Number of protein chains: 2
Amino acid sequence: MNDDLFKQLIESVGQANDIIKGNARPTRTTKFAEPQVRAIRAKTGLTQARFADVLGVSKRTLENWEQGRRHPTGPARALLKILDADPKHALEALNQ
Amino acid sequence: MNDDLFKQLIESVGQANDIIKGNARPTRTTKFAEPQVRAIRAKTGLTQARFADVLGVSKRTLENWEQGRRHPTGPARALLKILDADPKHALEALNQ
DNA sequence: AAATTAAGTGCGTCATTGGCGTATTTTTGT
DNA sequence: ACAAAAATACGCCAATGACGCACTTAATTT
């Protein structure tokens with residue numbers, strides 16, 4: 001766990017965030033890009049109801065995200081990013 | 001992406017959720033167990049500030065979670081679960 | 001022991017959440 | 001092609017989480 005590679009990784013994550021944080025500070029800091037929720041869901045082939053369950057939100061909330069009426073919170077964006085990058089792996093971890 | 005194994009995985013995720021959903025329905029559904037936020041953070045060795053950045057929340061919010069004053073939302077719990085299961089891999093995806 | 005760095009907190013404001021009901025659209029089976 | 005079923009969309013809105021600010025209080029480091 002605490003090998004060098006891991007530490008370097010942590011460093012880079014932190015540094016990246018530090019850099020990004022240089023600009024303005026809206027009510028809620030945007031650290032992860034606005035995800036294409038619908039596109040990411042499409043990758044999985046899941047319905048809104050099922051995908052919402054996987055994410056840990058209600059169907060209603062997922063709808064709002066896809067319609068652009070509301071925006072996923074930070075953790076939600078991070079989660080979507082992981083699902084986008086490697087759906088299979090992420091779902092396994094979620095389903096352990 | 002759409003091989004059988006993946007579909008089976010998806011099925012099981014959905015079914016598990018269906019089963020869980022049998023009981024009461026509070027304002028906000030709890031689908032993932034209350035995570036030991038502090039313990040998970042300890043695994044990474046990150047400070048609150050850095051870990052908060054990784055999660056996509058403020059230091060203040062992470063503190064509230066660790067102190068039990070507030071509870072991570074569904075997506076946050078899912079994300080923590082993934083980080084708990086495989087910190088290295090998850091951080092890589094987040095840092096891509 | 002002084003200086004840094006990390007953690008903890010009261011207060012206040014504001015956005016998100018999500019159940020319920022209903023309407024509309026898309027998919028599926030025959 | 002058509003009806004039945006499944007998936008989506010959306011208004012309403014009380015409850016709750018998010019988090020900035022401005023400190024205070026540990027810990028660490030030098």
Side-chain angles (χ1 to χ4, degrees), chain A residues 2 7 10-11 13-15 17-18 20-32 34-80, chain B residues 2 7 10-11 13-15 17-18 20-81:
Chain A
N2 284 327
K7 290 218 162 162
I10 286 168
E11 268 310 302
V13 171
Q15 286 169 355
N17 282 312
D18 290 342
I20 293 167
K21 277 165 98 179
N23 52 21
R25 205 158 299 167
T27 310
R28 275 171 191 167
T29 318
T30 297
K31 213 148 327 188
F32 298 91
E34 271 305 310
Q36 315 286 343
V37 184
R38 171 155 268 155
I40 295 172
R41 177 166 68 87
K43 278 191 175 184
T44 71
L46 293 173
T47 64
Q48 288 185 333
R50 279 227 199 290
F51 195 59
D53 274 343
V54 170
L55 295 176
V57 297
S58 70
K59 171 179 160 299
R60 191 69 176 77
T61 291
L62 180 60
E63 278 172 12
N64 283 330
W65 291 349
E66 293 194 353
Q67 299 305 312
R69 274 187 297 276
R70 290 283 182 273
H71 308 285
T73 56
R77 285 196 294 276
L79 181 58
L80 284 163
Chain B
N2 283 328
K7 291 216 164 163
I10 287 167
E11 267 311 303
V13 171
Q15 287 170 352
N17 283 312
D18 289 343
I20 292 167
K21 277 165 102 181
N23 52 21
R25 203 159 297 169
T27 310
R28 274 169 190 166
T29 319
T30 296
K31 214 149 329 192
F32 298 91
E34 270 306 310
Q36 314 285 340
V37 184
R38 172 154 267 155
I40 296 172
R41 178 168 68 87
K43 278 190 176 185
T44 71
L46 292 173
T47 64
Q48 288 185 332
R50 280 236 199 285
F51 194 59
D53 274 344
V54 170
L55 295 175
V57 297
S58 70
K59 171 178 163 298
R60 191 64 225 277
T61 292
L62 179 60
E63 278 169 6
N64 283 330
W65 290 349
E66 293 194 352
Q67 300 304 313
R69 275 188 296 274
R70 289 281 181 273
H71 308 285
T73 55
R77 284 195 294 276
L79 181 58
L80 284 164
K81 188 171 184 175

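This structure is a prediction, so every number in the text was calculated from the model and none was measured. All values below were derived from every heavy atom in this structure, side-chain atoms included, with hydrogens, water molecules and symmetry-related copies excluded. Sequence lines set the chain letters: A, B, ... in the order given, protein chains first and strands last, and positions in each chain run from 1.
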J.: Which distance, rounded to the nearest 0.5 Å, do you find between the NZ of B:K59 and the CG of B:N64?
T.: 10.0 Å
J.: Could you work out which one of D:dT8, D:dG20, D:dG17 sits closest to the side chain of A:K59?
T.: D:dT8
J.: Between atom CZ in A:R60 and atom P in D:dT16, what is the gap in whole Å?
T.: 19 Å
J.: Expressed in angstrom and rounded to an integer, what is the separation of A:R69 atom CZ from D:dT8 atom P?
T.: 14 Å
J.: So which atom in A:V37 and which in A:L80 form the shortest heavy-atom distance, rounded to 0.1 Å?
T.: CG2-CD1, 4.0 Å
J.: For the pair made of CG in B:L62 and P in D:dA18, what is the distance, rounded to whole Å?
T.: 11 Å
J.: If you look at every heavy atom in B:A76 and B:W65, which pair is closest and at what distance?
T.: CB-CH2, 3.6 Å
J.: Rounded to whole Å, how long is the line connecting atom CG of A:N64 with atom P of D:dC13?
T.: 16 Å
J.: From CG of B:L55 over to P of D:dC19, roughly how many Å is that when rounded to an integer?
T.: 11 Å
J.: According to a strict under-4.0 Å criterion, is B:Q67 in side-chain N/O contact with OP1 or OP2 of C:dT9?
T.: yes
J.: For A:Q36, is the CD atom crowded, meaning more than 12 foreign heavy atoms sit under 6.0 Å from it?
T.: no
J.: Which atoms of nucleotides 4-7 of chain D (N or O only) lie under 3.5 Å from a protein N or O atom, and what are those distances?
T.:
none

J.: Given C:dG18, D:dG17, C:dA7, which nucleotide is nearest the side-chain atoms of A:T61?
T.: C:dG18
J.: Look up atom CG in B:L62 and atom CZ in B:R70, then write down how far apart they are to the nearest 0.5 Å.
T.: 14.5 Å
J.: Is it true that a side-chain atom of B:R38 and a backbone atom of B:E66 form a donor plus acceptor pair closer than 3.5 Å?
T.: no
J.: Report yes if a side-chain nitrogen or oxygen of A:R38 is closer than 4.0 Å to either non-bridging phosphate oxygen (OP1 or OP2) of D:dA9; otherwise report no.
T.: yes
J.: If I take atom CG in residue B:D53 and atom P in nucleotide D:dC19, what distance separates them, rounded to the nearest angstrom?
T.: 11 Å
J.: Find out whether B:T44 and B:R50 are in side-chain contact, i.e. whether some heavy atom of one side chain is under 4.5 Å from a heavy atom of the other.
T.: no
J.: Under 4.0 Å from OP1 or OP2 of D:dA18: is there any side-chain N or O of B:R70 that close?
T.: no
J.: Whole Å only: how far is the CZ atom of A:F51 from the P atom of D:dA9?
T.: 14 Å
J.: Is B:W65 close enough to D:dG17 that one of its side-chain N or O atoms is under 4.0 Å from OP1 or OP2 there?
T.: no
J.: Please state how far atom CD in B:E63 lies from atom C1' in D:dA22, giving the value in whole angstrom units.
T.: 13 Å
